[in-house]
Structures are given as structure tokens and as C-alpha cells.
Trainee: 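Take this structure first; my questions come after.
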Amino acid sequence: MGSTLKMVGIMFGLVLFLAISSVGATVSYDDKSFIINGKRKILISGSIHYPRSTPEMWPDLIQKAKDGGLDVIQTYVFWNGHEPSPGKYNFEGRFDLVRFIKLAHQAGLYVHLRIGPFVCAEWNFGGFPVWLKYVPGIEFRTDNGPFKAAMQSFVQRIVGLMKSESLFEPQGGPIIMSQIENEYGPVEWEIGAPGKAYSAWAAKMAVAQNTGVPWIMCKQETAPDPMIDTCNGFYCEGFHPNKPNKPKMWTEAWTGWYTQFGGPIPYRPAEDMAFAVARFVQNNGSFFNYYMYHGGTNFGRNAAGLFVATSYDYDAPLDEYGLLNEPKWGHLRDLHKAIKQCEPALVSSYPTVTWPGKNQEVHVFRSKNGACAAFLSNYDPSFSTKLTFQNVQYDLPPWSISILPDCKTVVYNTARISSKSSTPKMLPVGGSLSWQSYNEETPSADDRDTVTKSGLWEQLSVTRDSSDYLWYLTDVNIASDEGFLKSGEWPLLTVMSAGHALHVFINGKLAGTVYGSLDHPKVTYSGKVNLRAGVNKISLLSVSVGLPNVGLHYERWNEGVLGPVTLNGLNAGTRDLTKQKWSYKTGLRGESLSLGTVTGSSSVEWVQGSLLAQKQPLTWYKSTFEAPGGEEPLGVDMMSMGKGEVWINGQSIGRHWPAYTAKGSCGNCNYAGTFNEKKCQRNCNQPSQRWYHVPRSWLKPSGNLMVVFEEWGGDPTKISLVKRTT
Ligand SMILES: *[C@@H]1O[C@H](CO)[C@@H](O)[C@H](O)[C@H]1NC(C)=O
């Protein structure tokens with residue numbers, strides 16, 4: 001009894017101590033801004049997604065973010081990377097979330113943790129593990145028991161991990177805010193009542209985690225209290241939170257846009273980015289986050305939504321390789337300095353707005369303690385203007401804002417760039433590589449490792465996304481009296497697929513290839529096929545190019561050959577192959593042998609020299625190379641190749657698809673005027689992505705293994721390592 005009482009006493013004391021020690025270390029907010037330990041702040045934030053770079057790159061990226069004037073690093077949490085199979089967690093390597101957050105903390109930065117766990121992000125399946133699709137009764141992102149249970153358990157796991165490492169601000173850590181769900185507004189609008197109920201549940205569940213820091217819900221006007229609703233977009237000055245006690249926050253200020261295979265490379269001029277941010281701040285905005293500050297790379301296959309390229313450069317201030325994207329990085333750094341000089345006035349007053357002339361606007365923040373900051377705007381997209389403020393005349397370029405932290409001196413104009421531009425170059429290093437090849441055989445329906453059933457199977461339900469590839473194999477008997485055998489009018493094979501690419505082999509020979517695009521993922525193959533009397537082997541290699549990251553009803557998402565599959569032009573007219581016996585084989589033989597790894601690659605016989613396969617579909621290539629000297633980031637030039645995947649020392653650097661050229665318009669780009677993702681594009685009629693990032697930390701000094709799987713056929717002798725310089 002006595003000792004139990006004493007224990008209770010000690011525990012009570014401990015609780016009291018914890019309660020007292022956390023007083024003062026608080027994060028709260030009002031309509032003006034976030035308040036951290038009693039201080040109002042204008043918070044400047046940038047997105048860096050930890051799995052889109054390597055742990056070795058993180059300190060440098062974070063330091064460059066700090067040097068660029070950021071206060072906060074924002075990241076999503078990637079569920080499918082952290083829980084690859086139910087209850088089996090992974091927090092290693094590129095998924096070492098705790099290490100990433102601690103590095104931000106060490107650099108003196110705060111963290112905004114967007115747990116989601118739906119993250120969108122042009123990430124495979126929007127961050128959901130594919131196994132979730134096969135939980136009985138599941139419906140995604142709605143008022144559904146199995147979904148909510150899985151989501152809650154993951155959120156608890158992440159919050160628990162953060163707490164155990166003392167990473168929330170009240171514990172002395174860097175996390176000052178979290179996010180539940182993601183851009184749910186449009187979904188709720190679409191599905192109505194169950195969406196509302198789910199939203200209310202998600203908010204309550206999040207609050208119950210007791211993190212001690214505020215939660216936000218982005219792009220969701222209906223976000224229930226106390227969730228702060230926030231804005232995502234190219235501009236957010238007109239946004240208002242749904243309650244007067246919430247600060248005006250911009251969780252995604254899009255610095256550019258993603259590249260898709262088949263599309264040009266989008267970019268956003270630094271002048272317009274700075275203009276959009278200044279415009280937001282002069283309209284009471286107190287938190288903005290660049291999406292992305294460093295976009296990085298969609299390594300492997302768990303990255304990238306439908307046809308999203310391997311590069312996720314995003315025209316971010318730090319380029320894919322971690323180098324400064326100038327003049328954007330420097331121009332925004334200068335903007336941040338100017339904003340910080342205005343901070344005392346910004347956080348303690350509301351702006352007085354006046355309109356001294358056509359397309360002119362003046363915002364003045366004057367606080368009781370005498371601080372004064374002014375923003376002078378010219379909204380005209382074509383003409384510069386002379387604006388008079390407090391009897392002084394100011395020249396303003398078109399579509400620009402001048403910042404006067406003391407209401408007198410212009411320290412910054414969004415359209416006047418003083419930082420230098422840089423032109424990145426990809427310089428070949430290390431000379432030519434010597435290659436060996438191995439042919440991936442076309443399997444046949446009677447192979448031992450196939451599964452047979454009647455009719456066509458949906459691809460994802462067979463592969464569970466363990467591979468991009470699924471073979472659909474069937475036999476077709478052709479009677480010797482078929483008319484086409486004499487006339488030579490070959491029958492027409494038609495294959496309808498839900499996506500995303502398809503190779504058709506007849507008796508082991510490639511008959512044709514079709515592939516979709518982001519806007520049209522479905523494909524139809526239609527071609528005359530050369531069949532012979534007797535048994536013919538039809539082998540369809542269906543290829544996935546990532547699962548979608550937006551949209552409703554992930555539980556109903558399909559890919560692969562769903563049919564019909566028909567053969568037209570026989571004596572009996574059309575033969576429907578859809579319902580006949582099909583055999584299935586998930587993945588490539590080379591994948592099951594792990595040819596991308598050092599041990600796996602020695603399990604088969606490779607050929608070289610005059611036997612080296614050239615321009616042949618379904619071929620594996622390997623080469624070894626020495627790490628180029630120096631510190632510059634490295635890449636590999638895949639210009640001579642078609643489509644497939646590349647591994648460096650067993651690690652996948654992502655899908656390559658240089659043969660998919662960019663269609664679109666790449667005209668002149670004027671920074672002035674309203675921006676959208678199609679306004680400024682480069683690289684038309686070139687490969688959407690020619691170079692692929694090879695992280696230096698994945699290399700050893702010598703004996704590095706590069707393995708390429710090539711679907712279409714290419715010339716490996718022209719593959720070269722490059723270093724990126726600016
Ligand atoms: C700033 O916020 C205050 C208080 O909500 C509001 O009255 C004012 O209209 C806002 N100003 C601008 C320019 O948005």
C-alpha cells in the first residue's frame with residue numbers, strides 16, 4: 001500500500017514537472033499568425049520530401065534552405081514507404097524520417113509534418129500502400145470502418161514515433177504544425193454526407209493525438225474546428241480561412257510543375273513567384289510554403305503517379321540534383337530578407353490599402369510601436385508605372401511589387417533580379433562504358449511458374465504492384481483450312497487495356513507496342529498478326545507506369561488487359577479470346593533473379609562483343625564503372641535508350657523513358673501576367689527526360705554495377721555518365 005502510494009506520488013510529481021516544463025514552449029495562433037513561445041512570426045517554409053533525395057544529401061539541402069531564408073521545412077509522410085506490408089514498418093535509409101527531422105532541427109529550422117496519410121504528391125498511389133486496396137470492405141478516404149482503422153493506426157504510429165523522439169515543439173523539438181488528410185475539399189464536395197462525416201472524424205482523431213501543436217487541413221474550406229484550413233495554388237492572396245481566429249496560410253506555393261513522360265518541362269519565372277508571395281504577404285498572409293523547395297527524384301517504382309517522370313525537379317529553387325537553381329534561389333532569398341525586415345510591422349498590424357492610380361495598389365502596415373512597412377504594387381502585366389507614395393515617386397516594372405521595410409526605402413522589387421542566373425550543364429565523365437547483354441525470354445502459357453485461369457485478370461490484383469510487368473499468355477489454334485493462310489490477309493488482333501503500355505508478342509516475336517499518356521492512360525492495340533496453322537502463342541506484356549495519385553475510389557482502380565481481346569478475319573469471322581484460358585506471370589525473369597544487384601547479376605550468362613544485343617526489345621544490360629572524381633552531382637545520359645528501369649549497385653534510380661518525346665508548346669515566356677502550369681515550358685520535341693540522377697552516395701570508388709532493363713530496344717554503347725555543373 002505504502003509503496004504504491006509513494007509511486008503514485010512520484011508519478012504525480014513527474015506529470016506536474018512535465019506540465020510545468022512545457023509551459024512557455026507553446027505553439028498557438030490567432031488571425032495574424034502562428035505564435036511560437038509567445039512570439040508572432042511570419043513563417044517562410046519549403047517542401048523537401050525526404051525519400052526524393054538521399055540521407056547524404058539532406059544536410060546540404062537543409063543548409064541551402066536555411067541560407068535561402070527558410071524558417072520551416074515541410075514534408076509529407078509516405079505511408080507506402082513506411083509500411084510496405086501490413087504491420088511491417090520501414091524507417092531506414094531514404095525513409096529515415098526521424099533523422100531527416102533531426103537534421104532540420106540541428107540547422108535551427110522548424111518542421112511542418114504533413115502526415116496525410118493521403119499525400120497525392122505525384123507519388124505512387126498517392127502514398128497509400130497497395131495492400132490497403134485488398135483489405136476486405138475498404139473504401140478510400142470516406143466514412144468507411146476498415147479505411148479509418150488503417151489510417152488511424154498509421155497516424156498513431158507516426159505521432160507516437162515523433163513523441164518518443166521528442167520532436168514536437170512543446171517537447172523541445174522542431175515540429176510546429178501537422179496536417180491530417182490532404183486537399184480533401186474537392187472530394188467532400190463530390191461525395192457529400194459520408195465525406196463530411198469522414199472529415200469530422202479525421203479532425204477529431206487528429207486532435208486526440210495530443211501533439212501539442214496545431215493541425216491544418218489544406219484546400220478544404222469546410223475543415224472542422226480547430227483545424228486550420230489553408231490554400232494551395234499558384235496564387236493565394238484572395239484566400240480567407242474559414243474562421244476569423246485562424247491565420248492565413250499558403251501550404252503549397254507552387255514553384256513550378258511536375259514533368260510527365262510525353263510532356264515538356266514546365267518552369268515558373270522567379271519574378272512571378274516572388275510577386276505571388278509578396279502579394280500574399282501584403283494581404284495578411286503569415287505562412288507560406290514553397291512546393292517544392294527541392295523536388296528531387298522519383299527513385300525506384302514506388303515513386304511517380306501515372307506517367308510522372310523520374311525527375312521531380314519542379315523548377316524548385318534547389319534543382320533535382322541539389323544545386324542552386326539561379327536566379328530563382330537567390331531572388332527568393334532576397335525576398336525573404338526583405339519580408340523579415342518588415343516582420344515587426346507585419347505581425348502587429350493590419351494593412352491599410354489605397355489605390356493611387358490605375359493598376360496601382362499600396363499596402364501600409366503601421367504598428368502602435370512605430371514600425372512601418374509598405375508594399376507598392378503595379379498589377380499591369382505590360383507597362384511599368386510611376387507610383388507616388390508619401391510624396392515620393394517610385395518606378396515599378398510591370399507585374400511587380402516593391403517592398404519598403406521602413407516605408408521609405410525600396411529594398412526589393414519582385415521583378416528586379418540581382419542574383420546571377422546559372423545554366424546547368426551535363427558533362428560526360430569517365431569515358432565509354434563496356435556492356436554485356438542478357439535477353440529476357442518471352443514466357444509461354446505452359447511454363448511452370450505461371451498461373452492459369454479462364455478469362456482476363458485485372459493487373460494490380462495479380463501483381464499487387466510488386467512489378468510494373470504482367471504477362472498475359474494464351475494459345476490460339478489455327479485450323480489448316482483458314483483462308484488467310486493462303487490469301488496472306490493476316491487476321492486483326494485487337495487488345496483493349498486499361499493501361500498503361502503494352503507489348504504484343506506473337507510466337508515470341510514482337511508484333512507491336514502501344515502506350516498511353518497522363519491524359520489517356522488506356523491503350524488499344526490493333527494490328528495484323530502473322531499466325532501459322534496449329535498452335536500460336538500470344539504473349540501480351542502489360543506495363544504499369546505508376547498508380548494514380550489523385551481521384552476518387554482507389555478501391556476500384558484498374559489497370560492491365562481487361563479486354564475484349566479479339567481476332568478478326570478468320571473463316572468464322574471474329575474469334576473472341578477474352579473468356580478463354582489465359583496464363584499469368586508477374587514480373588520479368590530478370591526481376592525475379594534480381595539482375596539489378598551484384599549477386600543477382602552473376603546468376604545468368606551475359607554476352608558481349610559481337611553478340612551484344614542491339615536495338616532489341618526486352619534486353620538487360622550491365623556494365624561496371626569507377627566513380628568519377630570530384631564532388632559534382634552525377635547522372636546518366638540515356639538518350640540512346642527507349643524505356644525501362646536502371647539500377648546502380650542494386651538500387652533503382654527510377655524508370656527511364658527518353659524515347660517518349662515532349663509534345664506541347666514551348667513558346668516565349670513572359671514573367672508578367674497570370675501564370676499557369678502550361679504557360680512556360682521548355683524542351684519540346686526533345687525527350688521528356690534524358691538524364692537520370694545517380695546519387696554519389698550510392699557509389700563506391702570502383703567496381704560499380706549499372707544494370708539497365710530496356711523494353712523497347714536501344715543502343716547501350718552510347719549511355720554515358722555525366723556530371724552536373726552550373
Ligand atoms: C487583414 O485582416 C483584417 C482582419 O481580419 C481584415 O479586416 C482586413 O480586410 C485584411 N486585409 C487584407 C488586405 O486582406
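Order of listing sets the numbers, starting from 1, for every ligand and every atom in it. Basis for what follows: all heavy atoms, side chains included, without hydrogens, waters or symmetry-related copies.
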Trainee: Determine, considering heavy atoms only, which of Asn283, Asp31, Thr352 sits nearest to atom 13 (C) of ligand 1.
Mentor: Asn283
Trainee: Just jot down the ligand 1 atoms closer than 4.0 angstrom to any heavy atom of Tyr350, in number order.
Mentor: 1 (C), 2 (O), 3 (C), 4 (C)
Trainee: Go through the structure and list residues passing side chain to side chain donor-acceptor pair (under 3.5 Å) with Tyr110, not counting sequence neighbours.
Mentor: none
Trainee: Lys66: what forms a side chain to side chain donor-acceptor pair (under 3.5 Å) with it, not counting sequence neighbours?
Mentor: none
Trainee: Distance to 0.1 Å, residue and atom name: give those for the protein heavy atom nearest to atom 8 (C) of ligand 1.
Mentor: Asn284 ND2, 3.7 Å
Trainee: Report the relative orientation of the aromatic rings in Phe389 and Tyr394; use parallel for angles under 30°, tilted for 30 to 60°, perpendicular for over 60°.
Mentor: tilted
Trainee: Does the gap between the ring centers of Tyr554 and Phe125 come in under 6.0 Å?
Mentor: yes
